[in-house]
Structures are given as C-alpha cells and as structure tokens.
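These figures come from a predicted structure and were not determined experimentally.
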Amino acid sequence: MKELLRANIANLIPYSCARNDFVGEAEVYLDANENWRDFVGDQGRNRYPDPLSTHIRRALAEVLDLPFANTVIGNGSDELIDNLFRCFCNPGKDRTIIMSPTYGAYRVFADINDVGIDQVPLTSGFAIDFEALQAFLEKEKLERKEGRCKLLFICSPNNPSGNAYPLEQIERVCTLFDGITVVDEAYFDFSSYESAVTLLSRFPNLVVLRTLSKCWALANARVGIAVASKDVCAVLTSMKYPYNVGGPSQELALKALAQGAQVEATKKETLAERARMAAALSGLACVVKVFPSDSNFLLVRVTDANKLYQYLAQRGIIVRNRSRELHCENCLRITVGSRGENDTLLSALKLYKE
Ligand SMILES: *Cc1c(COP(=O)(O)O)cnc(C)c1O
C-alpha cells in the first residue's frame with residue numbers, strides 16, 4: 001500500500017485538533033476556542049464533535065458486523081470516494097479504472113482530482129468482463145511511466161444495473177489488480193451476496209464502502225463507512241477533515257442503528273415490493289425487459305425511455321432516465337418505493353399509450 005500512496009500524503013503531518021490532543025474526560029474544556037454557551041438546546045452543539053467518531057464507529061461495527069479497528073467514517077461514502085483519489089492518485093499522472101455503466105460519482109471525483117479514467121466496460125449483460133480486464137491490466141503494467149492505474153471501482157450491487165457480483169469475482173479482481181480495489185457496497189443490505197469485507201484479511205489493498213443512505217434510511221444525515229486494512233484506515237483518517245461528520249449526524253446514525261428490527265422489516269417489505277413491481281412491470285406493453293435486481297431499484301428497458309420519462313414527470317412521478325449510459329439504451333432506473341408510491345407508478349404506466 002505504501003508505494004501506492006502519493007508522497008505528500010505519505011509524508012503528511014496531520015492537523016492536530018484540540019480533541020486529538022487530550023483523550024479522556026475533564027471538568028473544564030478551554031482548549032478549542034468554543035463558545036461556553038449552547039444556544040440551540042443544551043446538547044453540546046457549542047462543542048466540536050469527536051474527530052474519530054468513535055461512538056458511531058463502535059455502533060456501526062457491532063450492528064453491521066464490521067471490524068471496528070478497520071473503519072473510517074465519511075460524510076457520506078461520496079467523501080470517502082473523493083478522499084481515496086486524494087490519497088492515492090497524483091493529479092495529471094495517475095489513473096483509475098471504471099467499469100461502465102456504474103455509479104457516476106467515480107467519474108466526477110476522478111475529473112475533479114484531475115485523474116485520468118480507463119474504461120473497462122461491463123458486458124452487455126452487466127457482468128465484469130474479465131477477459132478485457134486482464135488484457136487491459138497486462139498492457140497497463142508494461143506501459144507504466146510517470147503515472148499508473150491506482151484505483152479500480154467495483155460497485156456491487158451495481159448502480160444502475162442492480163446486479164451484484166459473486167465474492168469469487170471480487171476476489172479475482174483483487175488478485176489481478178495490483179492497485180487499490182474499491183468495492184462499493186451501498187446496496188449490500190438488499191442483496192443476498194456475501195460482503196467483500198470477508199476478503200480484507202487476504203487483500204490489504206481492498207477498500208469496502210458502506211453507507212447509511214440506503215437501507216438504513218439516513219441519506220439526509222450523510223454517513224458513509226470505509227472498511228480497509230489498518231494502514232489504509234490510518235491514511236484515510238490522517239487526511240480527512242478533522243470534524244467531517246457533524247454531531248447531529250452522528251447522533252442520528254446512533255438512533256438509526258438502534259432501529260435494526262424496523263430496518264430489517266422495512267427491507268423485507270422493500271424486497272417483496274421489488275418482486276411485485278418486477279412482475280407487474282414485465283406485463284406492461286411499454287416494458288421490454290426488467291433486469292434482475294439485488295438492490296432497492298429496478299433497471300427497466302422500455303419502448304421509448306425519453307417519452308415515458310416525460311409522461312411520468314408530467315404526472316408528478318420522477319424516475320431516473322439512464323438511457324444515455326452504456327448498455328442502457330431506453331432504460332429507466334426506478335426506485336422501489338412504498339406500496340402506495342409503487343401503485344401510483346403502476347397506475348400511470350397502465351394508462352400510458354405509445
Ligand atoms: C447512493 C450511493 C452511494 C451513497 O452515497 P452516500 O454519499 O453515502 O450517500 C454510494 N455508492 C453508490 C453506488 C450509490 O448508488
């Protein structure tokens with residue numbers, strides 16, 4: 001891992017905040033230039049939060065069954081994606097591998113960090129193209145000069161296609177690629193596949209991302225988690241904003257994590273609705289194909305995605321038009337909502353005339 005790091009990050013002397021200097025409980029805190037008065041409800045909002053988010057990391061580790069010492073919290077997993085680029089990729093030199101069609105944030109954060117993108121597209125059936133990947137990696141190794149491919153993103157279950165990859169395929173990618181393999185498991189909770197976290201002990205260059213934004217119903221609070229080797233966690237911790245997740249968000253995360261039974265029940269409802277929607281959509285004249293999903297959304301190929309998107313939007317129903325993505329011609333991505341929301345969508349689609 002060390003030789004993959006950017007030199008400025010490897011040599012970084014991290015910002016040392018007051019909350020890092022003193023660990024423990026004290027009576028009087030005059031170390032952080034905070035206001036002594038809390039105007040918004042006496043909940044300690046005048047105080048800086050714990051920079052290591054220890055409380056929620058403990059709760060996350062316990063509830064999500066993650067190794068506590070191998071976790072870092074992000075302001076959503078989006079922050080962690082951005083930070084991975086900033087840790088490993090020298091702007092204008094290093095590159096990243098992206099397997100389209102996939103989550104758009106990888107490309108955007110690569111662009112923001114001036115990191116080149118190498119596409120190794122998924123097959124038209126949204127499988128990892130191992131033949132193409134292997135050929136690409138062999139060529140890339142030979143052609144390395146100033147920069148190289150440092151990061152590879154696998155989204156499993158993949159957004160927008162909805163399918164997850166079996167663990168042995170993730171393992172194969174980790175074996176083939178000598179950079180940092182990032183497995184984005186934002187939709188993991190909706191799938192029945194094994195987590196890539198189980199591979200961490202064998203692949204120190206693996207980073208697994210989780211989030212409270214989807215199954216844990218906390219998109220508003222912005223809490224993401226990276227699970228990685230202790231070395232990678234130490235680096236991600238050293239370079240992040242000291243107080244990257246605010247106190248209110250940390251408290252909301254604790255609340256959500258205490259609702260495990262409800263979250264599980266709602267997940268079951270969502271999965272039942274997913275099956276019901278897939279069946280109902282398949283029977284409609286405007287639907288060409290419903291792709292299998294391991295997530296809380298369905299990728300649906302329709303007769304005319306642009307027309308159908310407009311038709312639904314005029315009725316106040318917003319879905320995601322993904323028809324310009326690779327292999328997604330005439331595809332809409334539809335989130336599985338509440339039973340009522342899903343019925344509203346189905347009713348509108350039944351009235352649709354080509
Ligand atoms: C929604 C989503 C996320 C979540 O991002 P947060 O910043 O944690 O809200 C991450 N990855 C993928 C693929 C997603 O679709």
Side-chain angles (χ1 to χ4, degrees), residues 17-20 23 25 32 34 38 40-84 103 105 109 155 157 159 182-191 195-197 200 207-228 230 232-270 295-297 335:
C17 47
R19 292 295 173 267
N20 279 339
V23 183
E25 294 280 314
E34 297 150 332
D38 177 3
V40 292
D42 277 333
Q43 293 188 309
R45 299 296 182 226
N46 53 328
R47 300 294 180 185
Y48 280 104
D50 167 20
L52 298 176
S53 305
T54 310
H55 264 55
I56 63 165
R57 276 172 56 233
R58 284 221 185 279
L60 283 163
E62 198 177 303
V63 177
L64 305 188
D65 193 22
L66 304 172
F68 170 74
N70 299 80
T71 55
V72 181
I73 299 296
N75 197 279
S77 25
D78 283 347
E79 184 195 14
L80 297 163
I81 295 166
D82 186 36
N83 284 355
L84 284 164
Y103 187 39
F109 288 123
C155 189
N159 178 2
V182 185
V183 181
D184 185 345
E185 294 188 337
Y187 300 97
F188 166 76
D189 315 74
F190 299 105
S191 83
S195 170
V197 168
L200 270 176
V207 178
V208 181
L209 301 179
R210 294 279 187 83
T211 181
L212 295 189
S213 294
K214 304 288 157 59
C215 192
W216 288 88
L218 217 57
N220 191 253
R222 314 305 302 132
V223 180
I225 312 110
V227 193
K230 281 192 186 153
V232 171
C233 285
V235 169
L236 284 171
T237 302
S238 75
M239 56 72 69
K240 73 179 183 64
Y241 287 173
Y243 310 108
N244 59 328
V245 180
S249 292
Q250 297 194 34
E251 282 162 31
L252 287 172
L254 283 176
K255 266 195 186 171
L257 289 167
Q259 302 291 320
Q262 253 182 289
V263 169
E264 184 63 26
T266 304
K267 181 183 93 179
K268 287 210 172 101
E269 276 183 64
T270 303
S295 330
N296 66 336
F297 58 85
T335 305

Under the 3.5 angstrom rule, does the side chain of [X] hit a backbone N or O of [Y] as a donor-acceptor pair?
X	Y	answer
Asn70	Ala228	yes
Gln250	Ile56	no
Asp38	Gln43	yes

Closest non-hydrogen atom pair between [X] and [Y], with its separation:
X	Y	answer
Asn244	Glu79	ND2-OE1, 3.0 Å
Leu80	Gly224	CD1-C, 3.7 Å
Ser195	Arg210	OG-NH2, 3.0 Å
Ser213	Arg222	OG-NH1, 3.5 Å
Phe109	Asp78	CE1-O, 3.6 Å
Ser249	Val223	O-CG2, 4.1 Å

Could you tell me whether the side chain of [Y] reaches within less than 4.5 Å of the side chain of [X], counting heavy atoms only?
X	Y	answer
Ile81	Tyr103	yes
Val263	Thr266	no
Val197	Val183	no
Val63	Trp216	yes

*With sequence neighbours left out, what residues match Lys267 under salt bridge (charged side-chain N to carboxylate O under 4.0 Å, His left out)?*
Glu264

*salt bridge (charged side-chain N to carboxylate O under 4.0 Å, His left out) partners of Glu34, counting only residues at least two apart*: Arg19, Arg47

Going from [atom1] on [X] to [atom2] on [Y], what distance comes out if it is rounded to the nearest 0.5 angstrom?
X	Y	atom1	atom2	answer
Glu185	Ser191	CD	OG	7.5 Å
Leu64	Leu257	CG	CG	6.0 Å
Thr71	Ile225	OG1	CD1	8.5 Å

*Quickly, which of Leu52, Leu66, Asp50, Val72 forms a side-chain contact (heavy atoms from CB on, under 4.5 Å) with Arg57? Name it, please.*
Leu52

*Show your working on side-chain contact (heavy atoms from CB on, under 4.5 Å) between Val207 and Val232 and close with a plain yes or no.*
CA-CA 8 Å; Val207 178; Val232 171; 3.9 Å; yes

*Kindly say whether the aromatic ring centers of Phe297 and Phe190 come within a distance under 6.0 Å.*
no

*Derivation and outcome, side-chain contact (heavy atoms from CB on, under 4.5 Å), residues Leu212 and Leu60*: CA-CA 10 Å; Leu212 295 189; Leu60 283 163; 3.8 Å; yes

*Not counting sequence neighbours, list each pair that qualifies as a ring-ring contact (aromatic ring centres under 6.0 Å, His included) and has a residue in residues 240-260.*
Tyr48-Tyr243

